[in-house]
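I have placed the structure first, in the form of structure tokens, so that the comments after it can refer back to it.
For reference, positions follow the sequence shown, starting with 1. Order of listing sets the numbers, starting from 1, for every ligand and every atom in it.
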Amino acid sequence: MKNFRHYILLFLILPFIAFAEDGSQLWLRYPVNSKPRNIVNSNSKSPTLEIAKKELNNHWSGQPIDLKIDKFPDSFKDGYKIISTPKKITVLAKTDLGLLYGSYHLLNLQQQKGSFSNLNIEEKPSYDIRILNHWDNLDGTIERGYAGHSLWKWEDLPNKISPRCEEYARANASVGINATVLNNVNASPNMLREDYLKKVKVLADIFRPYGIKVYLAVNFSSPKVLGNTKDSDPLNKDVQKWWKDKASEIYKLIPDFGGFLVKANSEGEPGPQDYGRTHADGANMMADVLKPYGGIVMWRAFVYSPSSDDRAKQAYLEFMPLDGKFRDNVIIQIKNGPVDFQPREPFHPLFGAMKKTPQMVEFQITQEYLGHSNHLVYLAPLFKENLDSDTYSDGKGSTIAKITDGTLRSAKFTAISAVANIGEDTNWTGHHFAQSNWFAFGRLAWNNDLTSEQIADEWIKMTFTNDDKFVTPVKEMMLTSRETAVDYMMPLGLHHIFAGGHHYGPEPWGDYKGTRADWSPVYYHRADAQGLGFDRSKTGSDAVSQYFPPLNEIYGNIKTTPENLILWFHHVPWDYRMKDGKTMWEELCYKYDLGVHEVRDYQKLWNKMLPYIDEQRFSEVKDKLKIQAEDAVWWKDACLLYFQTYSNRPIPDNIEKPVHKLEDLKKIKLPMGHHN
Ligand code: GCV
């Protein structure tokens, strides 16, 4: 009878074992020891260390491990050393968090089938603050989120806690992410209400042992809305007092609270300019109330104005005059490019230009402009392209990486951020491959010297398999996927020709008269009978002059502008000769066509991968690739047929002919709403 019951039980749980590869484990598919071991020794004790011990005892199959706190200089931060002999491994660090990071390093190596007998590793983070920005609203929706609702169930908190909150913290710690902004930068004032702060405290308590600090996005009008002050003028004493009291209330609940992220005077959000004050006045007022507790302000530079002749210039114009005017616990958070997370942008000209003000990059992991959670686009190459860009601000070699990580200019603290793609979906990110972008951001925030290839290699091995027959082709697919998306969406420096609102498909004909011109695709591509592209040279908006020499000259001259940005900086004649001898029009046709073919190649490649991985993830990725291939054709047809109405030139014969009709494509209205 007893045996019979066992069989029944086995029968019941078998399907779950067979289908366990649903992506919920992310890259943390560590083997589970049949019995937890007792192989860890340590000279330290804390909740963080308990996690390290638990992870190793449960998942480590190799030699015993010593987790040892040792003396290191302050600059070592949460770094670690790993030294091993065939008999023993020693992890050394300055902090318990360093020991936890070292433990994850070992587990990650085990997952990649590394050898452990002769390790001599030293790691320390490139940035102090490695932070995710969640654009999660209090009602559970996520702005630009494509993986379901928010993980934070505000209505359940503080009493009921989803187990995924801890899993989230663990996943982040495993790649070195140590901070999170819980809520949308389009922030509700309610976030700072007492009842919500108590909920935030619960999350902060769960995250703390994993080394993750909580930050909040705040609404500049909070004092007026919540505190009934006359206004929210940063120079109003009542307003200052309100923030001071609020800071004290927050730190009583969360003693290690990180600070505020602020979107002010941008896209209709309130800010200091409402009262004739500057960004510096606003940021400093908040910085002053956080200072006694060690908190910081991340003040966003994402501003643009409907009256500007070129949206790409606005942030520079508003922020440069304020250089040196910010408190030392303020950092300016700048999107990688001057417009808005486009498939390709040049780097933002503010990087390096504000010489007396700390700066941090904001990347976007969620694929607002890259096919949401339908398209396979590995973003490490985009992140790296930005970090490796030479701004020439302090002479040759002034890369964004070096400016922001403190190498070039000494900094009190350094930071890097990215908008998260995480939601309630079983696989966290909607697309299985979108997990790699969360992973890649964490790895680059930890070590901005890593290559896209190294990161992809690690991620594939941990997430899928070590089999070379899978790793090599899939890595190649990932590494080319961002350029492929550029090819079928916006090659040659085209940008923001998305359908308004949801930003999913193409709408190059979009001319939203009556709303803001700078939300219309036609504003960005400027197609006419002569040519295509936004003239930002001296004869146009002169945005090029915001770059340091020699870049202002290079970008200012159509002959020297890199061709992958040529339509960003110039209005290029249709018959302009490109470097390969094609005309610009032909090149455009060729690029769109190439993008379509590249996605089809990914489909063929993926079709051969079933022998190496589980059925569920195989078929889910396959289905998404099908959507991506169809979307690529949609993009190609929409853009080529529409631009052809200006170029009046034939689509070259060796390029696949459009399968759609322009008038049909113009009718497509996807039921996904959003303001811009
Ligand atoms: C959070 C873009 C997005 C908005 C986003 C904004 C920002 O405009 O479309 O959804 O708002 O950037 O980064 O503040």
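- For ligand 1, one of its N or O atoms has an N or O atom of N186 under 3.5 Å away.
- Looking only at atom types and distance, the side chain of W519 has a donor-acceptor partner in the side chain of Y304 under 3.5 Å away.
- Near N184, the atoms of ligand 1 lying under 4.0 angstrom from a non-hydrogen atom of the residue are 1 (C).
- Interface of E143 with ligand 1, defined as ligand atoms under 4.0 Å from a residue heavy atom, comprises 1 (C), 4 (C), 5 (C), 10 (O), 11 (O).
- Sequence neighbours left out, not one pair with a member in residues 346-355 passes salt bridge (charged side-chain N to carboxylate O under 4.0 Å, His left out).
- Taking 4.0 Å as the cut-off, R300 counts as a neighbour of ligand 1 on heavy-atom distance.
- Closest heavy-atom approach to atom 12 (O) of ligand 1 within the set R144, K335, E368: this belongs to K335.
- Under 4.0 angstrom from ligand 1, there are no non-hydrogen atoms of V419.
- Here F341 has no heavy atoms under 4.0 Å from ligand 1, in either its backbone or its side chain.
- In this structure, the ring of F569 has its center no less than 6.0 angstrom from the ring center of F534.
- At a 3.5 angstrom cut-off on N or O pairs, Y304 does not count as close to ligand 1.
- Near V185, meaning under 4.0 Å from any of its heavy atoms, are these atoms of ligand 1: 1 (C), 14 (O).
- Salt bridge present: K335 and D340 bring a charged side-chain N and a carboxylate O closer than 4.0 Å.
- Ligand 1 lies within reach of H503, whose nearest heavy atom is under 4.0 Å from it.
- With sequence neighbours left out, K666 forms a side-chain contact (heavy atoms from CB on, under 4.5 Å) with W509, L662.
- For E194, the CD atom counts as loosely surrounded, since its 6.0 Å shell holds 12 or fewer non-hydrogen atoms of other residues, nucleotides or ligands.
- Each of K199, K198, R193 was evaluated against D195; a single residue qualifies, R193, per the salt bridge (Lys or Arg N to Asp or Glu O under 4.0 Å) test.
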